[in-house]
Amino acid sequence: MASSGNPRKKYALAGTGSRAELYVDALLGPHSDRGSLVAFVDTNEHRMAYHGARIAERRPDWPMPRHYGPDGLDEMFDVERPDALIVTTPDFTHARYVTAALDRGIDVICEKPMTTSVRGIADIVRSARAAAGSTRDGRAAKLVVTFNYRYSPRNSALKDIVQSGRIGKVTSVHFEWCLDTVHGADYFRRWHRRKANSGGLLVHKSTHHFDLVNWWLDDVPETVYAQGGLRFYGAENAAERGLGPRPELSRDNPDRDDPFNLDLGADRKLRALYLEAEGDDGYHRDRDVFGEGIDIEDNLSLVVGYRGGASMAYTLVAHSPWEGYRVAINGTEGRVEIEVVERGSVSPDRHTLDPSVAADPEGAAAPARPEGTRILLQRHWEPAREIQFPERDGGHGGGDAVLLSDVFAGPGDDPLHRQAGYIDGVRSVLVGIGGNESLRTGQAVRLADFGVPLDDGAPLTFGSGSLEDEQAAGAQA
């Protein structure tokens with residue numbers, strides 16, 4: 001990043017949708033002494049202007065970030081000379097931005113998933129390795145993948161238990177993630193609904209979960225077998241349940257009480273970022289979740305085998321009546337369990353899209369499913385005991401604030417090793433890509449057959465007869 005004589009760094013931000021706000025607010029607020037934004041890169045002028053207006057309102061003394069389109073990326077690097085690029089663009093475009101910055105010796109902070117295809121992984125590995133072998137201003141460029149769930153105190157507590165050996169050597173993991181009919185449905189409205197854009201939920205969403213298990217176990221995934229399909233959302237499922245004709249967009253639905261409608265105009269941020277921005281690029285944020293054109297799955301089950309001998313049974317459902325997750329990790333000396341209820345029930349008039357971003361004070365959960373977290377540790381021959389951990393407010397179980405401190409101030413001496421690099425990104429994405437390949441073929445998949453390295457220093461053989469994800473690779477081109 002910046003030279004040692006100047007602690008303030010220059011950041012450029014590619015992708016100015018909703019997620020960009022996390023980084024803009026960090027540099028406006030708690031990390032304003034560490035850097036500033038010098039440029040936005042996006043296809044949409046309205047969205048760049050939205051974030052620029054927020055900067056002008058809160059810091060009128062700051063120069064405004066200049067705007068560039070994706071075709072102006074090289075010009076932006078030449079003119080603005082940023083120390084780091086923050087990437088929050090749609091998933092299938094990540095590799096282009098990551099490699100462009102690393103090839104110029106510029107640090108990268110990339111939202112998960114790192115990319116969506118084997119070709120994207122291969123390109124990033126080549127650039128990351130080349131960057132590690134050269135220096136700019138006396139240091140090598142670095143890629144950080146922002147897995148914010150690592151930083152959630154509850155998940156960090158689980159890491160500490162496993163790492164300390166209190167349950168012995170891990171033998172198996174059970175992991176169930178429930179996305180409710182607010183948060184889960186939202187993936188079927190947006191660009192995520194096409195696998196060429198997002199890799200499906202196995203890549204876009206489950207990457208979070210696969211990374212958690214890789215990190216908790218400090219192990220390497222090697223094999224994947226998957227089952228699943230589109231069983232709730234989409235036109236065919238709607239017709240099978242007798243829902244009748246569906247509109248293309250929520251705004252065209254004559255049933256204003258439909259709980260699956262999304263009113264972009266009712267939310268200030270959604271209105272400014274998407275509804276008022278449609279004229280720039282034609283992107284519609286409120287597609288009907290039961291419409292045509294959805295090709296991602298909403299129910300998924302995987303078995304993942306690890307190098308150290310453990311296995312994971314994983315399930316994801318995107319139409320649950322409650323939101324949260326359950327994990328059990330079994331070891332040779334005991335078991336640790338975590339249950340997290342982020343939202344205990346859904347009211348048909350709820351508008352909060354993601355419980356991990358902002359809690360909704362309305363319609364508290366019924367007593368039978370209270371919101372909160374419980375961690376139980378039980379060693380062999382001992383009664384179970386509840387593990388206490390520090391609670392934090394904010395997105396992703398309090399993880400966002402800790403992640404941002406790690407990104408902008410540095411991780412320091414972290415015994416949990418939470419900051420993730422490109423190999424962590426490879427391992428998590430490749431489980432999702434392997435799952436997609438298994439869905440396609442009906443067979444178990446060896447991740448090594450994709451030809452991309454799962455370890456630092458391992459050879460990259462992609463393109464020399466390795467297994468390839470043609471659909472995602474074609475989207476990445």
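The figures here come from the full heavy-atom set of this structure, side chains too, leaving out hydrogens, waters and symmetry mates. These numbers come from a predicted model, not from an experiment.
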Check: So among Trp216, Trp215, Tyr314, Tyr306, which one has a ring pair (Phe, Tyr, Trp, His ring centres under 6.0 Å) with Phe210?
Finding: Tyr314
Margin query: Has Thr146 got a side-chain atom pairing as donor or acceptor with Cys110's backbone, closer than 3.5 angstrom?
Written below: yes
Check: Looking at the rings of His183 and Tyr187, which for Trp means the six-membered one, are their centres under 6.0 Å apart?
Finding: yes
Next item on the list: Before giving the answer on salt bridge (Lys or Arg N to Asp or Glu O under 4.0 Å), spell out for Asp61 and Arg59 the whole-Å C-alpha distance, their side-chain angles and the decisive distance to 0.1 Å.
Entry: CA-CA 5 Å; Asp61 55 318; Arg59 297 300 300 257; 3.5 Å; yes
Notebook entry, point to check: Is there a side-chain contact between Trp322 and Thr181, using heavy atoms and a 4.5 Å cut-off?
Noted result: no
Checklist line | Distance in Å, Ile375 CD1 paired with Thr373 OG1, rounded so as to fall on 0.5 Å steps | finding: 7.0 Å
Checklist line | Worked verdict on Arg54 versus Glu57 for salt bridge (Lys or Arg N to Asp or Glu O under 4.0 Å) | finding: CA-CA 5 Å; Arg54 295 181 67 250; Glu57 179 181 356; over 6 Å; no
Item checked: Main-chain N/O of His209 paired with Ser206 side-chain donor or acceptor, under 3.5 Å -> no
Next item on the list: Using only heavy-atom distances, determine whether the side chains of Asp406 and Tyr151 contain a donor-acceptor pair under 3.5 Å.
Entry: yes
Notebook entry, point to check: Do Glu382 and Arg166 meet the salt-bridge criterion of a basic N to acidic O distance under 4.0 Å?
Noted result: no
Check: Given side chains that start at C-beta, do those of Tyr97 and Leu85 come closer than 4.5 Å, heavy atoms only?
Finding: yes
Notebook entry, point to check: Say you draw a straight line from CD1 of Ile86 to CG of Leu37; how long is it, rounded to the nearest 0.5 Å?
Noted result: 6.0 Å
Margin query: For the residue pair Asp91 / Ser198, report whether a side-chain donor-acceptor contact shorter than 3.5 Å exists.
Written below: no
Notebook entry, point to check: Does the pair Gln227 and Ser301 meet the rule for a side-chain hydrogen bond (donor to acceptor under 3.5 Å, both in side chains), with working shown?
Noted result: CA-CA 5 Å; Gln227 289 280 297; Ser301 298; over 6 Å; no
Margin query: Just by distance, no angles: are the side chains of Asp180 and Ser320 close enough, under 3.5 Å, to form a donor-acceptor pair?
Written below: no
Notebook entry, point to check: What do you reckon, is CZ of Arg385 surrounded by more than 12 foreign heavy atoms closer than 6.0 Å?
Noted result: no
Next item on the list: Would you please say whether a donor-acceptor pair under 3.5 Å links the side chains of Arg335 and Asn330?
Entry: yes
Next item on the list: Hey, could you give me the CD1/CD1 distance between Ile121 and Ile433, rounded to the nearest 0.5 Å?
Entry: 4.0 Å
Checklist line | Residue pair Val203 / Pro113: nearest heavy atoms and the distance that separates them | finding: O-CB, 3.7 Å
Notebook entry, point to check: So which heavy atom on Ala310 is nearest to which on Ser172, and how close?
Noted result: CB-N, 4.4 Å
Notebook entry, point to check: For the side chain of His319 and the backbone of Asp298, is there at least one donor-acceptor N/O pair under 3.5 Å apart?
Noted result: no
Check: What are the two closest non-hydrogen atoms of Ala95 and Thr115, and how far apart are they?
Finding: CB-OG1, 3.8 Å
Margin query: For Tyr274 and Trp191: C-alpha separation, side-chain torsions, deciding distance, then whether ring pair (Phe, Tyr, Trp, His ring centres under 6.0 Å) applies.
Written below: CA-CA 12 Å; Tyr274 301 107; Trp191 53 264; over 10 Å; no
Margin query: Between Tyr68 and Leu73, is there a side-chain heavy-atom distance shorter than 4.5 Å?
Written below: no
Checklist line | Carboxylate-amine/guanidinium proximity below 4.0 Å for Arg19 and Asp400 | finding: yes
Margin query: Between Ser164 (side chain only) and Asp160 (backbone N and O only), is there a donor and an acceptor less than 3.5 Å apart?
Written below: yes
Next item on the list: Run the ring-centre check on Trp177 versus Tyr149 and record whether the distance is less than 6.0 Å.
Entry: yes
Next item on the list: First locate atom NZ of Lys112, then atom OG1 of Thr207, and finally report the distance between them rounded to the nearest 0.5 Å.
Entry: 6.5 Å
Next item on the list: With sequence neighbours left out, write down each residue that passes salt bridge (Lys or Arg N to Asp or Glu O under 4.0 Å) with Arg446, or none if nothing qualifies.
Entry: Asp449
Notebook entry, point to check: Is there a salt bridge (Lys or Arg N to Asp or Glu O under 4.0 Å) between Glu371 and Arg343 once you walk through the steps?
Noted result: CA-CA 6 Å; Glu371 295 175 4; Arg343 184 157 49 209; over 6 Å; no
Next item on the list: Please check if atom CG in Asp413 has more than 12 non-hydrogen atoms from other residues, nucleotides or ligands closer than 6.0 Å.
Entry: no
Next item on the list: Decide yes or no on ring pair (Phe, Tyr, Trp, His ring centres under 6.0 Å) for Tyr23 and Tyr11, but give the supporting numbers first.
Entry: CA-CA 10 Å; Tyr23 299 96; Tyr11 292 89; 9.2 Å; no
Notebook entry, point to check: Quick one: do Arg307 and Glu222 make a salt bridge, cutoff under 4.0 Å?
Noted result: yes
Check: Considering only heavy atoms from C-beta outward, does the side chain of Arg150 approach that of Asn155 to under 4.5 Å?
Finding: no
Check: Has the side chain of Ser428 got a donor or acceptor atom that lies under 3.5 Å from a matching backbone atom of Gly425?
Finding: yes
Notebook entry, point to check: Below 4.0 angstrom, N of the basic side chain to O of the carboxylate: do Asp186 and Arg285 qualify?
Noted result: yes
Check: Are there more than 12 heavy atoms of other residues, nucleotides or ligands under 6.0 Å from atom CZ of Arg379?
Finding: yes
Check: Between Glu391 and Phe389, is any pair of side-chain heavy atoms under 4.5 Å apart?
Finding: yes
Check: Can you tell me if Asp42 uses its side chain to pair, donor with acceptor, with the backbone of Met48 under 3.5 Å?
Finding: no
Check: Which pair of heavy atoms, one from Ala20 and one from His51, lies closest together, and at what distance?
Finding: CB-NE2, 3.9 Å
Note to self: Taking Glu333 first and then Lys169, would you say they form a salt bridge - that is, a charged N and a carboxylate O separated by under 4.0 Å?
What the structure shows: no
Checklist line | Shortest non-hydrogen separation from Pro65 to Ala39 and the atoms involved | finding: CB-N, 3.7 Å
Check: Would you say Ser438's side chain and Gln443's backbone share a donor-acceptor pair under 3.5 angstrom?
Finding: yes
Checklist line | Option passing salt bridge (Lys or Arg N to Asp or Glu O under 4.0 Å) with Arg427 (candidates Asp218, Asp219, Asp211, Asp455) | finding: Asp455
Margin query: Taking CG in Asp414 as the centre, count heavy atoms belonging to other residues, nucleotides or ligands within less than 6.0 Å. Is the count above 12?
Written below: yes
Check: Taking 4.0 angstrom as the limit, do Asp424 and Arg418 come out as a salt bridge?
Finding: no
Notebook entry, point to check: Is a salt bridge present between Asp123 and Arg119, judged by a nitrogen-to-oxygen distance below 4.0 Å?
Noted result: no
Note to self: Strictly below 4.0 Å, N to O, side chains only: are Glu337 and Arg326 in salt-bridge contact?
What the structure shows: no
Checklist line | Residues Arg104, Asp78; criterion salt bridge (Lys or Arg N to Asp or Glu O under 4.0 Å); working and verdict | finding: CA-CA 10 Å; Arg104 285 174 171 260; Asp78 290 338; 2.9 Å; yes
Margin query: If we ignore hydrogens and angles and just use 3.5 Å, is the side chain of Lys10 paired with the main-chain N or O of Glu80 as donor and acceptor?
Written below: yes
Next item on the list: Of all the heavy-atom pairs spanning Phe188 and Glu297, show the shortest one and how long it is.
Entry: CZ-O, 3.7 Å
Checklist line | Student check: side-chain heavy atoms of Thr16 and Leu13 closer than 4.5 Å | finding: yes
Note to self: What I'd like to find out is whether the side chain of Leu201 reaches to under 4.5 Å of the side chain of Leu300, using heavy atoms alone.
What the structure shows: yes
Notebook entry, point to check: Can you tell me if Asp107 uses its side chain to pair, donor with acceptor, with the backbone of Lys142 under 3.5 Å?
Noted result: yes
Notebook entry, point to check: Are Ser32 and Arg58 close enough that some pair of their side-chain heavy atoms sits under 4.5 Å apart?
Noted result: no
